Amino acid sequence: MSDVKNTEWWRGCVIYQVYPRSFFDSNGDGIGDLPGLVEKIPYIASLGVDAIWVSPFFTSPMKDFGYDVSDYCDVDPIFGTLSDFDDVIETAHKFGLKVLIDLVLNHTSDQHAWFKESSSSLDNPKSDWYVWVNPNPDGTIPNNWLSVFGGPAWQWHSRRRQYYLHNFLSSQPDLNFHNPDVIDAVLDTVRFWLDRGVDGFRFDTANYFFHDVELRNNSAKEEVEEGSIGVRADNPYAYQFHEYDKSRPENIAFLKRLRALMDEYPETTTVGEVGCDFALETMAKYTQGGDKLHMCYSFDLLTHDSSMTHIRKTMEEIEGGLGDGWPCWSIGNHDVERVASRWAEKDEQINHERSKIHMAMLLSMRGSVCLYQGEELGLPEGQLTYDQLVDPFGIEFWPDFKGRDGCRTPMPWTSKQNGGFSDGTPWLPVVDAHLPYAAEQQEAESESILQTYKTFLAFRKQHPALVSGDIEFLHDDKETLMFTRTSPTETLLIALNTGAEKAALSLSEAKFAFPDSSESTALRQIEIPIGLTSGTRVDTDIHLAPYSIYIASL
């Protein structure tokens, strides 16, 4: 039993995502760094999470702020040194936290030594380490594939007189995973960090590794629906069904090789980011069988649809095809508008009670959870002007899409200058509207969003059904949701109201076997964590106040 617990700590774990540029600056240069992360690890541990996911800190020209890697096995000087990373591992482990790092294997920077060699000629040893294609006879691009960041996914290279593939920025050429030498090289980088002591990885764009070798054109979409990053009506990327440029079947064999390597290091784990037209199906395929990724998350809960009907549909769709696979869920990260703003009612001021109940909803679902830094403070989207933007994605699509800078503004630790983030000028402004949300201030308030996160995370750990139990949905509408979570030792009934109006849910309408009140097996309401509003039960109805939760044991 103890072996299972040790090796499968990731089932039902809560992972705290750190975007290091914006977390804490230890040396006053305006950029968060690894020593700053070390200094704040006690804060992360105090939340009650299980692991830290650190966004890229590798050597990079920073055109995409670290997601364009020029050396997978070193730390960029703006973040510190390899020794500083060792301190992160040592300190996190001392506080009982696992450490996952963010590996970007689909593409490198065009400044990576691999690409410099590959682009130098047609016959060098790494000539086919990237996706190089001859132009059409008239010089045009090979097919209709598009970049997530706008425009064609092909960039001309004058020395080779060929096009290379880039799913993102033109300075981020895609590696050719059809070349076995490339696979060996990227797996060597995985081993490098495992040997250094990391507990796992979050794999960026985990479904992008392979492309169709026949370079067939993607078909047109009949309707544009908001989805993963880049899927919006203002971006031509949304007008294609991406059947050939990503999510290819060859990826399965690579993921099996990756898992075999991970299995050489017991108690490690993997989280794959999946953004595609059939993300939930892909998540299931990538996590089934115990021989690929340990878990995946998609962008399905990172859209503007916060209805409980959407939540139920998403959960049931993944559950229907998951088998023995395992999901990971998030409602915010470094790529999307902060959830407190994204899920607010139109023209509504940020509602702290709504943020709390969305947190309780997320932490009650079946699966592991990623929390993005500042979510525990209820931070709204940082509102920036065009001249303050640094994100090339936002600069390209302004003003319909303002990019990712608004969710990446520095963490407010205090209400003082620069929010206590830096003694220098921050790389992005510390938003004045964030100062009242400062961690120091919320620590002193017993029912703040921060304290509510802490109490609910502690509550979650006390109930095995919430960590790893099965889930069965009983009722949903736009604002309310009712379901059970069941483990071998307990069954919990949970009802949520995420709306501003009172609601009443009928257990009988939900076809729930409600026992007679005289029986000893009657529902027993559980006291909810401090900071949340509790619902009540009257006969076979559950009465929910606005932004409230009801939890009972069966």
Side-chain angles (χ1 to χ4, degrees), residues 6-23 32 34 36-38 40-41 43-45 47-58 66-67 69 72-73 75 79-80 82 84-106 186-187 189-206 255 258-259 261-274 283 286-287 292-298 325-330 332-335 367-373 375-376 457 467:
N6 289 337
T7 59
E8 297 203 337
W9 60 268
W10 47 271
R11 287 190 187 272
C13 73
V14 179
I15 305 166
Y16 185 86
Q17 182 194 354
V18 170
Y19 190 73
R21 291 183 71 92
S22 298
F23 198 57
L34 295 180
L37 170 55
V38 170
K40 295 298 184 181
I41 281 176
Y43 165 84
I44 299 173
L47 299 176
V49 299
D50 304 292
I52 305 171
W53 148 25
V54 188
S55 288
F57 51 82
F58 314 107
Y67 284 86
V69 179
Y72 284 112
C73 297
V75 174
F79 295 124
L82 279 169
D84 292 326
F85 179 77
D86 293 339
D87 290 342
V88 171
I89 294 283
E90 181 181 355
T91 307
H93 287 174
K94 183 174 117 178
F95 279 88
L97 295 169
K98 306 286 188 180
V99 177
L100 283 64
I101 64 172
D102 205 332
L103 276 187
V104 189
L105 301 182
N106 166 71
V186 298
L187 290 179
T189 69
V190 173
R191 188 181 293 278
F192 173 87
W193 291 106
L194 288 168
D195 287 340
R196 205 145 197 118
V198 302
D199 302 291
F201 303 92
R202 179 264 191 184
F203 287 106
D204 186 67
T205 57
L255 295 179
L258 174 63
R259 178 59 176 266
L261 171 58
M262 298 299 299
D263 287 346
E264 294 179 28
Y265 297 80
E267 300 182 40
T268 59
T269 194
T270 52
V271 184
E273 176 197 45
V274 174
M283 282 175 62
Y286 285 9
T287 60
K292 296 176 283 294
L293 296 174
H294 295 78
M295 47 189 167
C296 285
Y297 78 88
S298 75
W326 190 256
C328 186
W329 301 109
S330 64
N333 69 14
H334 62 290
D335 280 334
S368 301
V369 173
C370 288
L371 301 176
Y372 178 48
Q373 66 182 46
E375 241 169 77
E376 78 279 13
L457 282 164
V467 175

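The structure presented is a predicted model; accordingly, all values stated were derived computationally and were not measured. Count residues from 1 along the sequence.
Within the model, atoms CH2 of Trp329 and CG of Leu371 stand 15.0 Å from one another, a figure rounded to the nearest 0.5 Å. Expressed to the nearest 0.5 Å, how far CZ of Arg259 lies from OG1 of Thr287 amounts to 10.0 Å. Interatomic distance, CD of Gln17 versus CD1 of Ile44, reported as 11.0 Å (0.5 Å rounding). The CD1 atom of Ile15 sits 11.0 Å away from the CD1 atom of Ile52 when rounded to the nearest 0.5 Å. Distance check, rounded to the nearest 0.5 Å: OG of Ser330 to CH2 of Trp53 gives 6.5 Å. Annotation: the span from Thr269 atom OG1 to Glu8 atom CD amounts to 9.0 Å, rounded to 0.5 Å.
Put simply, the side chain of Pro20 does not reach to within 4.5 Å of the side chain of Leu37, judged on heavy atoms. Within the 4.5 Å cutoff, no side-chain heavy atoms of Phe58 are placed close to those of Val75. Taking 4.5 Å as the limit, every side-chain heavy atom of Phe201 sits out of range of all side-chain heavy atoms of Leu258. Side-chain contact check for Thr189 versus Leu105: some heavy-atom pair is nearer than 4.5 Å. In this structure, Leu97 and Val49 have side chains that are in contact, with non-hydrogen atoms separated by less than 4.5 Å. With a 4.5 Å cut-off on side-chain heavy atoms, Asn333 and Tyr19 do not count as touching. When side chains are defined from C-beta on, Phe79 counts as touching Arg21, because their heavy atoms get closer than 4.5 Å. For the pair Leu194/Met262, a side-chain contact is recorded, criterion being any heavy-atom separation below 4.5 Å from C-beta on.
In summary, the aromatic rings of Trp193 and Tyr265 are positioned with their centroids too far apart to meet the 6.0 Å limit. Aromatic ring centres of Tyr72 and Phe192 lie farther apart than the 6.0 Å criterion allows.
Annotation for Gly12 and Asp50: closest pair O-OD2, 4.5 Å, computed over non-hydrogen atoms. The two residues Gly332 and Tyr372 make their nearest non-hydrogen contact at O-CB, 3.5 Å. Nearest heavy atoms, Gly197 versus His93: O-CE1, 3.6 Å. His334 approaches Ser55 most closely through the heavy-atom pair ND1-OG, 4.5 Å. Here the shortest heavy-atom pairing between Glu376 and Leu47 reads CG-CD2, 4.1 Å. In this structure, Cys328 and Val369 approach most closely via the heavy-atom pair SG-N, 4.0 Å.
Using a cut-off of 4.0 Å between Lys/Arg side-chain N and Asp/Glu carboxylate O, Arg191 and Asp195 are scored as not salt-bridged. Remark: Arg196 engages Asp86 in a salt bridge, criterion side-chain N to carboxylate O under 4.0 Å.
In this structure, the side chain of Asp199 does not engage the main chain of Leu100 through any donor-acceptor pair within 3.5 Å.
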**Q.** Stepwise side chain to side chain contact (heavy atoms under 4.5 Å, CB included) test for Phe85 and Val198
**A.** CA-CA 10 Å; Phe85 179 77; Val198 302; 3.5 Å; yes

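Asp84 pairs by the side chain to side chain contact (heavy atoms under 4.5 Å, CB included) definition with Leu34, Pro35, Thr81, Asp87, not counting sequence neighbours. When the side chain to side chain contact (heavy atoms under 4.5 Å, CB included) test is applied to Asp204, the partners found at least two apart in sequence or on another chain are Tyr67, Asp102, Val104, His107, Arg202, Glu273.
When only modelled atom types and interatomic distance are considered, Trp326 and Ser368 share a side-chain donor-acceptor pair under 3.5 Å.
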